Amino acid sequence: MQLTFIMPMYWILDVSGEEEYNEVEVWAVSEEGERVIIKDEFYPEFFIRSGNFEEDVKIIRTLKGVKDVEVVERTFRGRPVKLIRVTTANVRLEDVADEVRKKCNHILDVFQDDVRFSNQYVFKKNIIPSSWTLLDTEKAGYLNGYNLLKLNRLCSIEFEKTVFPELRVLAFDAFFYSLKGSPDPEHSPIISISVMTSENGLMNFSGDEKTLIKSFLDFVKKFDPDVIVGFNSNRKIIPFLVERSRKLGLTFNIGRLDGEPRGSVYGHQSIRGRLNIDLYDLVEESPEIKLETLEEFSQFMNLPIKYDTIEEYELAELWSKDKTRVIEYLGQRVKGIFEIYKLVDEYIFSLSQLTCMPSDYVMAASTGFRVENYLSKLAVERGEVIPSRKEVVHISYPGGIVRSPTPGLHKNIVVLDFRSMYPSLMIKYNISFDTIDPEGPISIPNSTIRFSEREGFLPHALKRLLEERKRIRERLNMLPRDSPERIVLDARQKAVKVISNAIYGYTGWAGARWYTREIAEVTAALGRETILKAMGKAEELKLKIVYGDTDSIFIKEDDRIKELVNWIEDVLGLEVKVDKVYRTVLFTEAKKKYAGLKDDGFIEIVGLEAIRGDWSEVAKIAQREVVEAILKMGVDEGVRVARKHIDNLLNQRVPLKQLIIWKQITKSIEEYEATAPHVEVAKKLIEEGWRIKPGDKVGYIIVKGAGRLYTRVKPYFKVESDEIDWNYYIEKQVLPVCLRILEVFGIKESDLKPSKDLTAFFQ
DNA sequence: TATAGGCACGAAGCCAGCGTTGT
DNA sequence: ACAACGCTGGCTTCGTGCCT
């Protein structure tokens, strides 16, 4: 019988635990806004497939740390299996698993010994982080001023309550003092820490270092934030503050219980009882943000924050000269961090709910692990055992088809897009690791692989995601534009899309627990078939195809497009939509590069140098203007614009900042086989005390001189204007990118460069 | 603690061919 | 006369960052 008394509802902030003590620690916020710790007992488990159950069970029972042993039924990749379930107590799971591997003689497989304690708990108890949950608890005392509760029973998750609670948010950032090179906690003091909260506004801590740290920590304690948000806090700021505090004999305890932040999985710094969110993680997954700076991120989010940017190399010097300006800039940064956070929190919590990862972890985790967590949760729900992570060799397979574009200008081009092509194909053909069946009724054109009819794990996951997205969007469309619920729902549908779009790629990822190359391969093959069939039909209908890539077709506007769309939906059984219409679109000979003019006058540039992060600003601006001129006015205007930019360089009228070329260091310096300009710059910087790790970007300028390019590069902040090799920027930057566009219209290099007869050039 | 493959394009690296230079 | 040297052009490989 269902009890009807009112049970308190909590929003799950964070789940963590101590495996050795079988103690789970859940931090939550009640509906009334009280912050509580909820403790629960939990015994993690792993599974063994054995060749001799009787004997192995006997041995396992004698092992230290084994609480319970039972033979259970599960499925593994869809097939029923009998497994030994080992429940452990007072030990680390992996230690018991290692012992089992050593002592038992008939082990065929071990499962789930590598699934983290808190994950096991969340999956098994069906707890959804960042969501409202009815909990049956009893009071068990106080801890550091927080009500400590003991969990009796988890009741139910309140899916209907979508709006998140009011959390206390603290944005922060810090500057360190280093005259030369990157700061290091051993020698570089903390200059200043700034914080911003909605209640207290902007605050700054400067002055004596020890006092500064103490007052910052005091403030954190007093304000008691649920969320601490920074930019580059996981990899840089927090580890630095922890180390530096230690050096000064202090403990950087910013958690709700005593202790320092702990380095955790995915490079995340775990702060007890609080969510530690690093916005840099979001920058990394937003390809639109090239330089990955906070300034660029703010701009990308359309925030009207003005930054008086100070770069790292000039910070120390400026600090001695003008402290106010440095503190001012730090304040601008913190404000930016705070404002950005307010725009992305719904998305973060949605991803957290979906993947069942606490929100700070889900931010730090990459796409593959988010997908994997989502699938793992589903697996436990379905009695499917989670495979271990194995090291395998990956052989790549053919992917999508790209059609060569018809070069030139095209008027009125319709872009037809398949809706979620790969997910749809996986659903349509029931493609999954657990449905591969040589005798199965579902055959794949041009392939020997076959699938069974019983709904597979991945199609099930995908259907759930697609239905969820549809449901959310239906609800969303009924709500007023700016309503909080609508914003939450919109964030949620985006999160769902991210996960469902990544499932195909996940199956082809060698690091995945459910890595199944055949699945990815056959899905890609079906994708190729689909687009080829669609293009064939388009041609049959006498439609003019201009270009196509993987799941999109660019077609000259025509009434028969409707017919094509219907045919694709009826015959191929897949959804297509008109994604956009270009009034004019420009193609060169190259694939994956074009520029289109939309009806509203907006110019969309795809793939061209103008949007790449590894070209100088001057070249990017020049190309963008040439493209715009051609699309809006004509080729002559394009030529004029290109000449103007070349002329600017000839007369050295371009600001140094526009000459910087930024390139990423993608691996450790020793691993580079070839000598490259950006690597040489990195080497120089390292010699001078800068720390450069993979993922960092170096900015350089080409200076005058002879020989290889890598002998003529300098870090941008060391270049004097009389050293600049202006000719390089003409010949190797502006000219090639402009010519790439103008060549399509028969313009040659000589048409852009000043001839001996100057009157002809400046006409 | 890397979702996948396809593609363009610059610079380096290598080699053959050829002219110049020094002995 | 001829080896040593250096330049040039053609081709391949490395490296980055984009597209769907």
Side-chain angles (χ1 to χ4, degrees), chain A residues 114 116 263-268 284-285 287-288 290 357 361 364-375 389 394-405 415 417-418 420-422 498-517 519-521 523-525 527-528 531 547-554 579 588-594 604-615 619 661-667 671-680 694-695 697-698 702 707-713 728 731-733 736-737 740:
Chain A
D114 56 352
R116 277 160 40 91
S264 181
V265 282
Y266 316 119
H268 174 248
E284 278 188 313
E285 65 186 83
E288 301 88 345
K290 315 271 180 206
M357 297 164 95
Y361 279 85
S366 53
T367 312
F369 293 97
R370 290 176 186 168
V371 170
E372 190 150 277
N373 238 73
Y374 175 78
L375 294 178
R389 208 178 289 292
H394 174 72
I395 305 159
S396 69
Y397 58 87
I401 278 188
V402 192
R403 189 180 156 112
S404 287
V415 182
D417 250 347
F418 281 86
S420 321
M421 183 161 85
Y422 289 149
V498 164
I499 300 294
S500 78
N501 283 349
I503 285 184
Y504 149 74
Y506 172 86
T507 63
W509 169 39
R513 288 176 189 268
W514 280 285
Y515 170 60
T516 320
R517 206 195 70 134
I519 295 300
E521 192 172 0
T523 309
R528 290 195 298 277
I531 195 87
Y547 176 63
D549 184 351
T550 312
D551 61 355
S552 68
I553 314 176
F554 290 52
D579 188 43
T588 68
E589 303 258 333
K591 297 168 172 177
K592 298 189 185 280
K593 293 180 176 218
Y594 55 89
E604 205 167 61
I605 298 185
V606 180
L608 291 166
E609 287 77 6
I611 58 153
R612 288 178 64 101
D614 58 347
W615 282 80
I661 297 165
W662 292 92
K663 271 196 166 72
Q664 198 188 153
I665 297 295
T666 56
K667 46 191 167 190
E671 283 176 81
Y672 280 95
E673 284 176 45
T675 324
H678 71 297
V679 182
E680 291 306 298
K697 299 213 153 113
V698 293
I702 309 297
R708 292 293 196 190
L709 202 60
Y710 61 75
T711 62
R712 303 196 278 122
V713 287
Y728 173 84
E731 296 289 336
K732 299 290 183 179
Q733 291 276 321
V737 299
R740 200 117 55 221

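As the structure is a computational prediction, the values presented were derived from the model and not from experiment.
Closest contact between the side chain of A:Lys732 and the listed nucleotides B:dA11, B:dA4, C:dT16 involves B:dA11. Checking B:dG6, B:dG13, B:dC9 against every side-chain atom of A:Tyr710, the shortest atom distance belongs to B:dG13. The side chain of A:Trp509 lies closest to B:dA4 when the candidates are B:dA4, C:dG17, B:dC9. Of the listed nucleotides (B:dG6, B:dG5, C:dT16), B:dG5 has the atom at the smallest distance from the side chain of A:His394.
Between A:Lys592 and B:dC7, a side-chain N or O to OP1/OP2 separation shorter than 4.0 Å is absent. A sub-4.0 Å separation between OP1 or OP2 of C:dC18 and a side-chain N or O of A:Lys290 is present. Taking 4.0 angstrom as the limit, A:Arg740 places a side-chain polar atom (N or O) nearer than this to OP1 or OP2 of B:dG10. Between A:Thr666 and C:dT16 there is a side-chain polar atom (N or O) within less than 4.0 angstrom of OP1 or OP2. Not one side-chain nitrogen or oxygen of A:Lys663 sits closer than 4.0 Å to the OP1 or OP2 atom of B:dG10. Regarding contacts with the backbone of B:dT3, every side-chain N or O of A:Thr507 stays at 4.0 angstrom or more from both OP1 and OP2. Remark: A:Tyr728 is in phosphate contact with B:dA11, judged by side-chain N or O atoms under 4.0 Å from OP1 or OP2.
With hydrogens and angles ignored, the 3.5 Å screen pairs a side-chain donor or acceptor of A:Arg517 with a backbone N or O of A:Ile395. Using a distance-only test at 3.5 Å, with no hydrogens or angles considered, a donor-acceptor pair links the side chain of A:Arg528 to the main chain of A:Pro398.
Judged by atom type and distance alone, A:Arg370 does not reach the base of B:dT3 through any side-chain donor-acceptor pair under 3.5 Å.
A salt bridge does not link A:Glu680 to A:Arg708: none of the charged side-chain nitrogens sits closer than 4.0 Å to a carboxylate oxygen.
In this structure, the OH atom of A:Tyr266 is 13 Å from the C1' atom of B:dA2, given to the nearest Å.
Applying the side-chain hydrogen bond (donor to acceptor under 3.5 Å, both in side chains) test to A:Tyr422 and every residue at least two apart in sequence or in another chain returns nothing.
Residue contacts shown for A:Val265 include a base, since a base heavy atom lies under 4.0 Å away.
Ring geometry for A:Tyr266 against A:Phe369 counts as tilted: the plane angle lies between 30° and 60°, on a 0 to 90° scale.
Each of A:Ile531, A:Asp549, A:Thr550 was checked for a side-chain contact (heavy atoms from CB on, under 4.5 Å) with A:Ile401, and the lone residue meeting it is A:Ile531.
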Under 3.5 Å, which N/O atoms of the protein pair with N/O atoms of nucleotides 4-9 of chain C?
none

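Contacts of residues 672-680 of chain A with DNA chain C (heavy atom under 4.0 Å): A:Tyr672, A:Glu673, A:Ala674, A:His678.
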